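Model, not experiment: these values are computed from the prediction. Just follow the structure's listing: the first ligand is 1, and inside any ligand the first atom is 1.
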Amino acid sequence: MPSYRTASAQETEALAADLAAGLRPGDVVLVEGDLGAGKTTFVRGACRALGVTALVTSPTFTIGQRYAAPVGVSHLDLYRVADLGDEDPELLADYLGPDRIAFVEWPQDEPLIQGFGRIARRVRIEHDGDDRRRVEISEVDGVAA
Ligand code: ADP
Ligand code: MG
């Protein structure tokens with residue numbers, strides 16, 4: 001599994017931009033890691049590279065945000081969702097779909113997510129001292145990382 005080390009938020013954003021270049025509509029990227037690991041930072045870098053100009057912050061009062069870009073981008077954070085399966089499936093339909101690229105922090109219920117999009121990458125970010133992070137990016141379904 002490809003593993004990278006970054007030494008700043010900017011480096012993590014740049015790594016995410018590289019990943020974003022290989023994404024296509026319908027792709028879902030799962031982003032895992034502890035609080036403060038840098039998941040939102042990673043998503044921000046990927047969103048920028050995909051042409052999102054809006055400020056990319058953690059979704060707070062909703063499960064996600066939708067950003068306008070040449071290919072629409074969604075950013076979900078399921079941290080506060082106790083059980084995704086209990087939610088109205090239409091909720092996910094607002095954010096996931098064949099025409100969008102989506103990033104999901106604190107992913108859960110992958111089979112449900114897969115009903116709306118193709119899980120293309122799995123990203124895991126871990127603290128590695130101070131501003132250093134270890135970022136593992138794995139390909140899913142034979143899609144090149
Ligand atoms: P999460 O979404 O995983 O809770 P955030 O991206 O919101 O994490 O916050 C990560 C914090 O860590 C930010 O304040 C960011 O600037 C800081 N940071 C420091 N070094 C790094 C790094 N190498 N990669 C990502 N974020 C970093
Ligand atoms: Mg976050």
Which heavy atom in Ala9 sits nearest to a heavy atom in Thr41, and how many Å separate them?
O-CG2, 3.7 Å
Looking only at distances, can you tell me whether any N or O atom of Glu105, backbone or side chain, sits closer than 3.5 Å to an N or O atom of ligand 1?
yes
Looking at Gly33, is its backbone amide N or carbonyl O close enough to the side chain of Lys39 to form a donor-acceptor pair, meaning the two atoms are under 3.5 Å apart?
yes
With a cutoff of 4.0 Å, is Ala37 in contact with ligand 1, counting heavy atoms of the residue only?
yes
What protein heavy atom is closest to atom 23 (N) of ligand 1, reported as residue, atom name and distance in Å?
Asp131 O, 2.7 Å
Side-chain donor/acceptor pairs under 3.5 Å, residues 54-62, sequence neighbours excluded:
unit_1	atom_1	unit_2	atom_2	d
Ser58	OG	Thr40	OG1	3.3
Thr62	OG1	Gly64	N	3.4
Thr62	OG1	Gly64	O	2.7

When distances are taken from atom 16 (O) of ligand 1, the protein heavy atom at minimum range is Ala9 CB, 3.6 Å
Can you report which non-hydrogen protein atom sits closest to atom 11 (C) of ligand 1, along with the distance?
Gly36 O, 3.9 Å
Do Asp27 and Arg121 sit within salt-bridge range, that is, some charged N less than 4.0 Å from a carboxylate O?
no
In the protein, N/O/S atoms that are found under 2.8 Å from the Mg ion (ligand 2), waters not counted:
Thr40 OG1, Glu105 OE1
Logged contact type for Asp34 with ligand 1, heavy-atom cut-off 4.0 Å, is backbone
Side chain, backbone, both or neither: which part of Ser58 comes within less than 4.0 Å of ligand 1 when only heavy atoms are counted?
neither
Any donor and acceptor pair, going by atom type alone, linking the side chain of Arg124 with main-chain N or O of Glu136 inside 3.5 Å?
no
Quick one: OH on Tyr4 to CD1 on Ile125, what's the gap to the nearest 0.5 Å?
13.0 Å
Residues at least two apart in sequence or cross-chain that pass salt bridge (Lys or Arg N to Asp or Glu O under 4.0 Å) with Arg132, listed by chain then number, are none
for atom 7 (O) of ligand 1, nearest protein heavy atom and its distance come out as Thr40 CB, 3.7 Å
Output the list of atoms in ligand 1 that are nearer than 4.0 Å to some heavy atom of Leu35, sorted by atom number.
4 (O)
Could you tell me whether atom 20 (N) of ligand 1 has a protein heavy atom closer than 4.0 Å?
yes
For Ser74 and Arg66, test the side chains for any donor-to-acceptor distance below 3.5 angstrom and give the result as yes or no.
no
Using every non-hydrogen atom in the two residues, find where Gly45 and Ala16 come nearest and quote the distance to one decimal.
C-CB, 4.1 Å
Would you mind checking which non-hydrogen protein atom is closest to atom 24 (N) of ligand 1, with the distance to 0.1 Å?
Thr12 OG1, 2.6 Å
min-distance protein heavy atom vs atom 18 (N) of ligand 1 -> Arg133 NH2, 3.5 Å
side-chain hydrogen bond (donor to acceptor under 3.5 Å, both in side chains) partner of Asp128, the single match among Arg5, Arg134, Arg133
Arg5
So, does Arg44 use its side chain to make a donor-acceptor pair with the main chain of Arg48 at under 3.5 Å?
no
Suppose we measure from atom 8 (O) of ligand 1 to each protein heavy atom; which comes out shortest, and what is that distance?
Gly38 N, 3.1 Å
Give the table of side-chain donor-acceptor pairs shorter than 3.5 Å for residues 78-87, with sequence neighbours excluded, one pair per line with atom names and distance.
unit_1	atom_1	unit_2	atom_2	d
Asp83	OD1	Gly85	N	2.9

Closest approach of any protein heavy atom to atom 9 (O) of ligand 1, naming residue and atom
Thr41 OG1, 4.0 Å
Going by heavy atoms in the side chains, are Phe103 and Leu76 under 4.5 Å from each other?
no
